[in-house]
Asker: 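Quick one: the structure is below, questions incoming.
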Amino acid sequence: MQSEYDLVIVGAGIVGSALAYDLSSSVDGKRIALIDRSISSLNGSTGYAPGFVGQYNESEVLTQLAIESVKEYTKISGGFDVVGGLEVATSREGVDRLRARWESATKAGLAAELLGSDQAMNMAPELVKDDNQLALYFPGDGAANANRITAFYREGARERGVQLIEADVTDIRQANGRVNGVTTTAGSIKAASVVVATGIWAPQLCKFDFPIPVVPVAHPYMYGKPHEPKIRKAPWVRWPEHHVYARDHGTYYGLGSYEHQPIPEEAKETAKGQWPAQFDETLKQALQLVPEQTNLVPNEKFNGIFSMTPDNLPLVGSVPSVNGLYIAAAVWVTHAAGTAKFLKQLLTGQQVDEGTRKALDPTRFRGRDGESLQQEALDGYNNIYKTQQNV
Ligand SMILES: Cc1cc2nc3c(=O)[nH]c(=O)nc-3n(C[C@H](O)[C@H](O)[C@H](O)COP(=O)(O)OP(=O)(O)OC[C@H]3O[C@@H](n4cnc5c(N)ncnc54)[C@H](O)[C@@H]3O)c2cc1C
């Protein structure tokens, strides 16, 4: 470990690792360090994400970041499975919503197709029941292998000279309105710029003159029993009216649900929390959406923790009161590589899209009180795929 770097990135989950990789490919001669308290295992949300990637979002900014991310993930061997995505409606309102989503997704330039009930069942017979009324199919969507992608970025960055350091960062050092390094359990490190990419732990290092409402929440996910692999993996399936999703992991199915009272979590050692007893009922209800003959029952289940924000958008950008300090928090796997590109542009003084900068501006909650922001973030949980503002 050197005592001085040009840039320190704190957090080597998918976001910090993608940024380190991107910067190492284009910034010659810069000394970059990527620091994480658990380099050897992925203890953050990235390590638990099932990797469901739906590119279309009601927020144009998020759609764009997702499109850019998928473009990058598909370049990585084993990084992304283009299995497609299927949104299924089981009610009249659901049908109307899918039609509207189809129209706007098409306008956004994404390939999208409305399918009748039988077509939807044929596409994923083990996941879609005959009670579906209409489905919206996204052929370009799929599943990211977040562990594989992160390992690829870390290794690529390391080969290009980025130093990976296993240490706990306890403080961001600053003086006279400028960042000047970090304090770590392995010693102090000087740095002209620092990026905080610590996921659910972001608020712990970010004590600014404006709130960082990154709220860790509990989320149930389960894996079914092993089955023989099919000739072709099924697309992921989402039931938007029921806030449930499922995917084919190849030799077993997985299923997650947002259909429960939001539960705030404290960010502890890993992004895996205790299993709240009520999650058993949540999964039981969700499993009723899957055809009975699939016999999908929990073989393994866990409470994975990720971040929510009051407007369901990440916080990405510079901290104006501390020159040289940047943050990238509450970023999904779906948007990570695109976000890293955006951040690289900011860090290297390139022109960025003004709409994106404004939408992701980490100072946008300035003046708001923490309690109401936390409540707004939790309120958005059951409507995870909808952003509050149309940006
Ligand atoms: C169950 C579950 C399901 C999900 N499903 C999906 C999905 O289907 N699609 C999708 O797009 N996203 C999904 N997500 C969300 C996604 O996983 C996260 O948003 C994303 O992985 C966050 O990446 P990150 O790099 O910002 O944070 P993380 O992966 O959490 O990485 C942060 C890193 O910072 C390190 N760190 C923290 N504090 C410090 C410190 N002080 N010093 C040193 N190191 C520190 C941690 O060790 C960690 O490695 C899911 C998440 C979970 C848990």
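If you're wondering where the values come from, they're calculated on a predicted model, not measured in any experiment.
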Asker: Please determine whether side-chain hydrogen bond (donor to acceptor under 3.5 Å, both in side chains) holds for the pair Tyr381 and His219, giving the CA-CA distance in whole Å, both sets of side-chain angles, and the decisive distance to 0.1 Å.
Answerer: CA-CA 10 Å; Tyr381 178 83; His219 179 67; 2.8 Å; yes
Asker: Which side chain to side chain donor-acceptor pair (under 3.5 Å) pairs, counting each pair once, include a residue from residues 176-199, with sequence neighbours left out?
Answerer: Arg173-Ser188
Asker: Any side-chain donor-acceptor pair under 3.5 Å between Gln285 and Glu281?
Answerer: yes
Asker: What's the verdict on side-chain contact (heavy atoms from CB on, under 4.5 Å) for Glu72 and Ile76, showing C-alpha distance, side-chain angles and the deciding distance?
Answerer: CA-CA 7 Å; Glu72 295 305 314; Ile76 301 169; 5.9 Å; no
Asker: Using the side chain to side chain donor-acceptor pair (under 3.5 Å) rule, collect all pairs that involve residues 108-119, keeping only residues at least two apart or in two chains.
Answerer: Ser117-Asn132
Asker: Before accepting this row, confirm whether a basic side-chain N of the pair Glu58/Arg97 lies closer than 4.0 Å to the acidic partner's carboxylate O.
Answerer: yes
Asker: Side-chain heavy atoms under 4.5 angstrom apart, residues restricted to Ile, Leu, Val, Met, Phe, Trp, Tyr: same cluster for Met121 and Phe138?
Answerer: no
Asker: Should the pair Glu68-Lys71 be classified as a salt bridge under the 4.0 Å nitrogen-to-oxygen rule?
Answerer: no
Asker: Identify every side-chain donor-acceptor pair in residues 262-271 under 3.5 Å, counting partners at least two apart or on other chains, and give the distances.
Answerer:
residue, atom, partner, partner atom, Å
Glu265, OE2, Asn303, ND2, 2.9
Thr270, OG1, Lys272, N, 3.1
Thr270, OG1, Lys272, O, 3.4

Asker: The criterion is salt bridge (Lys or Arg N to Asp or Glu O under 4.0 Å); which residues satisfy it with Asp130, sequence neighbours excluded?
Answerer: none
Asker: Please enumerate all residues that pass salt bridge (Lys or Arg N to Asp or Glu O under 4.0 Å) together with Asp280, with sequence neighbours excluded.
Answerer: Lys301
Asker: Mind checking what makes salt bridge (Lys or Arg N to Asp or Glu O under 4.0 Å) contact with Arg99, not counting sequence neighbours?
Answerer: none
Asker: For the residue pair Thr348 and Gln350, confirm or rule out a side-chain donor-acceptor distance under 3.5 Å.
Answerer: yes
Asker: Can you tell me how far OH of Tyr48 sits from CZ of Phe306, rounded to the nearest 0.5 angstrom?
Answerer: 15.0 Å
Asker: Between Lys230 and Asp248, is there a salt bridge with N-O shorter than 4.0 Å?
Answerer: no
